[in-house]
Amino acid sequence: MNKIRLIALSIIALFQINTATAQLRFDTLGWICPLKIPIYLSGNFAELRSGHFHAGLDMKTQGKVGFRIYAVQKGYVSRIKVSPTGYGHSVYITHPDGYTSVYAHMLEFNIQIGRYVRAQQYKKHSFPVDLFLKPGEIPINQGDVIGLSGNSGSSGGPHLHFEIRKTSNSNAMNGLFLGYPIADKTPPRMTLFTLFPMDNQSQIEGEFSRLTFNLVKTTGNLHVTESYDTIGVCGTIGVGIKSDDFLDGSSNRCGVYRFDLRVDDAVVFSMTFDGVSFSETHYISSVLDYEAYIASKTIAYKLFVEPNNKLAVYSNLVNNGLIHVKEGEIKKITVIATDSYGNTSKAQTWVKGLPLNTEAQKPEPEKMLKWQDSYNLDTTDFKLAIKAKSFFTDVPFAFSIDSTIAPGTFSYNFAVGNRLIPVDKSFNVQIRCHGTDSVDTSKLTIVKQIDDKHESALASKYSNGWISANSGEFGKFVVKIDTVKPTIKPIKIVPGSQSISFKIEDNLSGISTYEGKINDNWVLFIYDPKTKSLTYTADEYLEPAKQYKLELTVSDVCGNKETFRRTYQPNTFENEQH
């Protein structure tokens, strides 16, 4: 193909992509920006996160908390949720235009919302609450201050998480189409290109394993594999890409709005993130190159659709994006990444069909689990129950038992499956316990080994010599015991302070409940797992008294409890400890 024709085809291809990505915009809604500071993003819509697609825009707040948050349009507060994890302090406002705005990780609510929430928390004796309101309870005008920006919940730093959702189905929409003053002339950055052999008759460079290539940028926004050599393949292959979007004025990695995969200039796969249903967000483990993420925390996309991936973001599918290459064929593979502002980058390589390399070492044969089917395993000491449609495609499965019972454990060690394979539905494990005659069996828990240094206790139930739990990941499982109480350490108990803070920690099963009382009345302690802190600030529910008796009780998942007690005079916390 001559150079002039290649350039012409490339221009036509880019024009077709840009035309295809002209989507519904929301800048006609008349929504104002929720912050009155320059807007820079640390995260955008549909960015790949651990276990979910990011549903909104993360607006930076200059590394600080306390900026006023403004209602983007008139409406009413339809939901308020307070949680130590997830969105933290969050407000949902339903608008008459058919959409709902969401504001998350707030530091605090405005006076009206705050009083309403505290009343419900005291009524329920619970810091976490999920409250649904009727249209007339808390009306909102455009521009009303609904609270202050913060860092609550599972936030990794001060920012405002902001969303636009369809009210009718709660589907999250791409907020970059709201027309807010967010600058972006930076095209996506493409760094890694992966080829996957899709069956036992497919190879990459003569091997039965996946192969990843570094990408280098050439002229314009074209990227090619580092060696720029034609890649030898056999059979049916899939394509993966590591591509990140960066908006102007920010160094944070964001998600790419659209991908198009072309084979010899014909589109065989498109993936566009205009909106995502929360009921479908679990399919992220099929979009994400899960093996690369678990092995090295690399965030990359798979540009093909596995059989049990029902995510509604795909179009232009030919053979679900899979590419079959016959012996002697040469095919050009092109990946085009487009952001929400129409900036594009392109990665390109050529593959050549080779005969099957019969001398290559095949992976050891393992049992294959069909994605449509359930699977049960029943041994003398271990039982496993996997539901139908628990995987995105057929997966190899291995199981082994280490019959050594290590000190501090109460079962054999069981290796179940491959931790590099995503599981879409939690499965049940049951383990026979050994050596439990002299222990409190209510303190036993199944522990999943994450790596050589980290483990996670599962919520477990003991009965008649067996203990059971559900897990959403493959790995190694063993039974341990947790008889150690949580620790409660005072952080802030000083004269004249209006707040009391503690650090609470647990060694294995994790914090389950916490309850604080003053003069035998429940008080609102705010829990922040990030800092492992519990904080009480004097509020309108604290009745005046000559002396205050504080009692704080913390329990872990296995029922171990620790209690801290102290009495003090008003405006001083230096007193007797029991």
Side-chain angles (χ1 to χ4, degrees), residues 80-86 88-89 107-109 114-131 150-153 440 442-445 457 459-460 481-578:
I80 309 166
K81 187 172 183 180
V82 177
S83 171
T85 58
H89 287 58
L107 173 67
E108 61 183 56
F109 305 120
R115 285 177 176 169
Y116 178 89
V117 171
R118 280 195 303 279
Q120 295 299 315
Q121 290 172 316
Y122 273 90
K123 179 180 178 180
K124 299 173 183 293
H125 285 190
S126 175
F127 164 59
V129 290
D130 194 1
L131 310 171
N151 187 33
S152 59
D440 181 354
S442 69
K443 309 297 184 185
L444 295 175
T445 182
S460 308
I481 193 166
D482 182 2
T483 59
V484 180
K485 298 178 180 180
T487 59
I488 303 175
K489 180 182 178 182
I491 300 174
K492 183 181 180 184
I493 301 183
V494 297
S497 174
Q498 294 299 305
S499 65
I500 309 171
S501 295
F502 298 87
K503 184 175 184 178
I504 60 174
E505 295 183 272
D506 188 67
N507 71 317
L508 181 59
S509 59
I511 301 296
S512 174
T513 62
Y514 42 89
E515 182 178 66
K517 293 183 177 181
I518 294 179
N519 292 346
D520 298 323
N521 294 316
W522 186 91
V523 293
L524 177 61
F525 270 90
I526 296 173
Y527 180 41
D528 185 354
K530 297 193 298 293
T531 58
K532 302 177 181 179
S533 65
L534 267 178
T535 301
Y536 167 71
T537 301
D539 55 29
E540 64 269 31
Y541 293 88
L542 181 64
E543 296 182 359
K546 294 181 179 180
Q547 179 174 276
Y548 294 105
K549 180 181 67 174
L550 168 69
E551 182 176 283
L552 176 63
T553 301
V554 179
S555 303
D556 66 16
V557 174
C558 286
N560 302 298
K561 293 184 179 181
E562 179 64 295
T563 299
F564 176 95
R565 296 181 178 90
R566 176 168 292 191
T567 58
Y568 56 88
Q569 306 296 327
N571 297 323
T572 179
F573 298 95
E574 291 183 339
N575 230 315
E576 180 183 5
Q577 181 175 348
H578 301 283

If you define the side chain from C-beta out and look only at heavy atoms, does anything of [X] sit under 4.5 Å from [Y]?
| X | Y | result |
| --- | --- | --- |
| Ser533 | Ser501 | no |
| Thr445 | Val557 | no |
| Tyr536 | Leu542 | yes |
| Glu543 | Asn519 | no |
| Asn507 | Asp482 | yes |

Within the side chain of [X], is there an N or O that forms a donor-acceptor pair under 3.5 Å with the backbone of [Y]?
| X | Y | value |
| --- | --- | --- |
| Lys443 | Cys558 | yes |
| Tyr122 | Leu524 | yes |
| Asp556 | Gly510 | no |

Inset, instruction - May I have the step-by-step check of side-chain contact (heavy atoms from CB on, under 4.5 Å) for Tyr541 and Ile518, ending in yes or no? - result: CA-CA 10 Å; Tyr541 293 88; Ile518 294 179; over 6 Å; no

So, for [X] and [Y], which heavy atoms are closest and what is the spacing to 0.1 Å?
| X | Y | result |
| --- | --- | --- |
| Leu107 | His89 | O-CD2, 4.5 Å |
| Ser152 | Gly88 | OG-CA, 3.6 Å |
| Ile500 | Phe525 | O-CE2, 4.2 Å |
| Pro486 | Val554 | CG-O, 3.8 Å |
| Pro84 | Pro529 | O-CD, 3.1 Å |

Legend entry - Centroid-centroid under 6.0 Å between Phe127 and Tyr527 rings: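 Centroid distance Phe127-Tyr527: not below 6.0 Å, so no.
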
Inset, instruction - Walk me through it: do Thr483 and Asp440 pass the test side-chain contact (heavy atoms from CB on, under 4.5 Å)? - result: CA-CA 9 Å; Thr483 59; Asp440 181 354; 5.8 Å; no

Inset, instruction - Could you tell me how the ring of His125 sits relative to the ring of Trp522: parallel (under 30°), tilted (30 to 60°) or perpendicular (over 60°)? - result: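 His125 vs Trp522 ring planes: parallel.
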
Inset, instruction - Look at the aromatic rings of Phe502 and Phe564 and report parallel, tilted or perpendicular, splitting at 30° and 60°. - result: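 Aromatic pair Phe502/Phe564 classed perpendicular.
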
Inset, instruction - Go through Glu562 and Thr487 one step at a time and tell me if the side-chain contact (heavy atoms from CB on, under 4.5 Å) criterion holds. - result: CA-CA 7 Å; Glu562 179 64 295; Thr487 59; over 6 Å; no

Legend entry - Pairs satisfying salt bridge (Lys or Arg N to Asp or Glu O under 4.0 Å), at least one member in residues 526-537, at least two apart: Glu505-Lys532, Asp528-Lys530

Legend entry - Qualifying salt bridge (Lys or Arg N to Asp or Glu O under 4.0 Å) pairs with a residue from residues 115-126, counting only residues at least two apart or across chains: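 Qualifying pairs, neighbours excluded: Arg118-Glu540.
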
